[in-house]
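Presented below is the structure to which this report refers.
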Amino acid sequence: MPELPEVETTRRLLAPYLEERRIVEAEIRHPRTGRRNENPQDVVDRLKGQLVHRLDRHGKFILGRLESELTWVMHLGMSGRFLIVSPEDQEIAHTHFIARTDRGDEIRFIDPRTFGFIAVFTPDELEAELRLGRDAFIDLPRTPQLAARLNGRKAPIKSLLLDQRIVAGLGNIYADEVLFRAGVRPTRRGGDLSGQEMTKVRKAIGPILKAGIAAGGTSLSKSGYRSPEGRSGEYRRKLFVYGREGDPCRRCGTPIERLVIGGRSSFYCPDCQV
DNA sequence: CCTCCATCCTGTGGGC
DNA sequence: TGCCCACAGGATGGAG
């Protein structure tokens with residue numbers, strides 16, 4: 001569920017509690033949550049006692065820059081969320097990771113589906129484990145670089161936008177919203193886009209993500225995204241196509257259509273998108 | 001290298 | 001109301 005805007009919202013809310021704070025205690029409660037390290041216990045051993053200088057984000061990954069060479073990596077997967085609480089606060093179901101800071105705050109990671117993970121990597125491991133293109137929001141490549149990556153590709157543009165090695169951060173919702181804004185059908189082969197279409201897609205990414213972040217992300221359901229403060233995102237009301245099958249296009253009134261591309265639901269306006 | 005597909009999980013929302 | 005099942009915002013590894 002969480003895509004770049006939800007991850008950025010999470011990062012911004014966690015930062016004041018973690019930056020320039022020391023992790024005095026850490027605990028992995030569910031082995032799957034620590035699976036990206038050789039041994040889940042490595043996460044705890046490496047994190048304990050470390051000072052967190054800064055919280056960064058690359059695509060959908062939150063990166064804690066530690067005082068050593070290590071990087072604390074957090075990924076929300078499909079159902080992950082963080083909570084900032086006091087140690088005495090009651091624990092909710094699916095709490096799979098806990099860290100306590102020297103200020104006495106507790107950062108808890110809740111993840112029912114366990115697709116998310118918490119890891120601590122050396123520089124070499126980080127390089128090997130995170131194969132990411134440039135960040136879609138703060139480091140978006142210029143059109144020629146983007147075009148070069150799509151050149152010759154036969155896969156649908158939608159699938160290519162979801163490929164984190166090309167550009168990091170877009171997920172199923174925002175990829176559809178970007179393509180609507182660009183006026184490009186999700187089924188179009190990436191390599192077949194004209195230069196002008198490529199420019200439109202590229203120029204749509206920034207504003208869509210910016211609006212998503214400003215709204216605090218998108219929450220689709222009751223069990224959907226929640227910020228570390230427990231708030232839902234408000235971007236759902238602003239969506240043009242995602243989840244709107246059969247509803248009138250907000251631009252032209254034509255019913256929005258749904259189809260499956262690369263195993264993912266895709267929504268588009270048959271009239272506005274060519 | 002590219003494309004497609006299955007897989008890892010639990011919760012829920014819609015249809016009957 | 002209750003039951004069942006398709007489906008869910010992601011990433012990866014393997015087959016072809």
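By convention in this document, chain letters (A, B, ...) are assigned in the order of the sequence lines, proteins followed by strands, and residues within each chain are numbered from 1.
- Of the candidate nucleotides B:dG13, B:dG11, C:dA8, B:dG13 has the atom lying nearest to any side-chain atom of A:Ser221.
- Between the CZ atom of A:Arg165 and the CG atom of A:Leu130 there is a distance of 13.0 Å, given to the nearest 0.5 Å.
- Within 4.0 Å (heavy atoms only), A:Arg81 reaches no atom of the nucleic acid at all.
- Contacts of A:Glu129 with the nucleic acid, taken as non-hydrogen atoms under 4.0 Å apart, involve only primed sugar atoms and P, OP1 or OP2.
- Distance from the side chain of A:Arg113 is smallest for C:dA8 among the nucleotides C:dA8, B:dC2, C:dG13.
- As a whole-Å value, the separation of A:Ile110 CD1 from B:dG11 C1' is 15 Å.
- Summary of the strand contacts: A:Arg165 and A:Thr114 both lie near DNA chain B, and taking for each the nucleotide with the nearest heavy atom, the more 5' one is attributed to A:Arg165.
- Here A:His75 reaches the OP1 or OP2 of C:dA11: one of its side-chain N or O atoms lies under 4.0 Å away.
- Here A:Gly263 lies out of heavy-atom contact (under 4.0 Å) with every strand.
- Phosphate proximity of C:dA11 to A:Gln164: present, with a side-chain N or O under 4.0 Å from OP1 or OP2.
- Stacking of the aromatic ring of A:Phe115 onto the base of C:dG10 is found: the ring centres lie under 5.5 Å apart and the planes are inclined by under 30°.
- For the OP1/OP2 pair of B:dT3 and a distance below 4.0 Å, the side-chain nitrogens and oxygens of A:Arg189 include no atom meeting the criterion.
- Remark: A:His94 is not in phosphate contact with B:dC9, judged by side-chain N or O atoms under 4.0 Å from OP1 or OP2.
- Using a 4.0 Å heavy-atom criterion, one finds that A:Arg149 contacts no nucleic acid atom at all.
- Side-chain N/O atoms of A:Ser265 include none lying less than 4.0 angstrom from OP1 or OP2 on C:dC7.
- Atom P of nucleotide C:dC7 and atom CZ of A:Arg264 are separated by 13 Å, given to the nearest angstrom.
- The A:Ala155 side chain lies nearest to B:dT3 when the options are C:dA11, B:dT10, B:dT3.
- Mapping A:Arg131 and A:Leu170 onto DNA chain C by nearest heavy atom places A:Leu170 closer to the 5' end of the strand.
- Centroid-to-centroid, the aromatic rings of A:Tyr174 and A:Tyr235 come within less than 6.0 Å.
- Expressed to the nearest 0.5 Å, how far CZ of A:Arg202 lies from OG1 of A:Thr143 amounts to 5.0 Å.
- Between A:His30 and A:His96, the two ring planes are perpendicular [angle over 60°; tilted spans 30° to 60°].
- The separation of B:dC9 from C:dC4, taken at their P atoms, amounts to 23 Å, rounded to a whole angstrom.
- Here the side chain of A:Lys154 is nearest to one of B:dT3, B:dG13, B:dC8, namely B:dT3.
- With B:dC8, C:dA8, C:dA11 as the choices, the nucleotide that has an atom nearest any side-chain atom of A:Tyr242 turns out to be C:dA8.
- Contact annotation for A:Tyr174: no contact, since no heavy-atom pair falls under 4.0 Å across all strands.
- A:Asp111 places none of its side-chain heavy atoms less than 4.5 Å from the side chain of A:Arg32.
- Which of C:dA8, C:dG10, B:dG11 sits closest to the side chain of A:Arg258 comes down to C:dA8.
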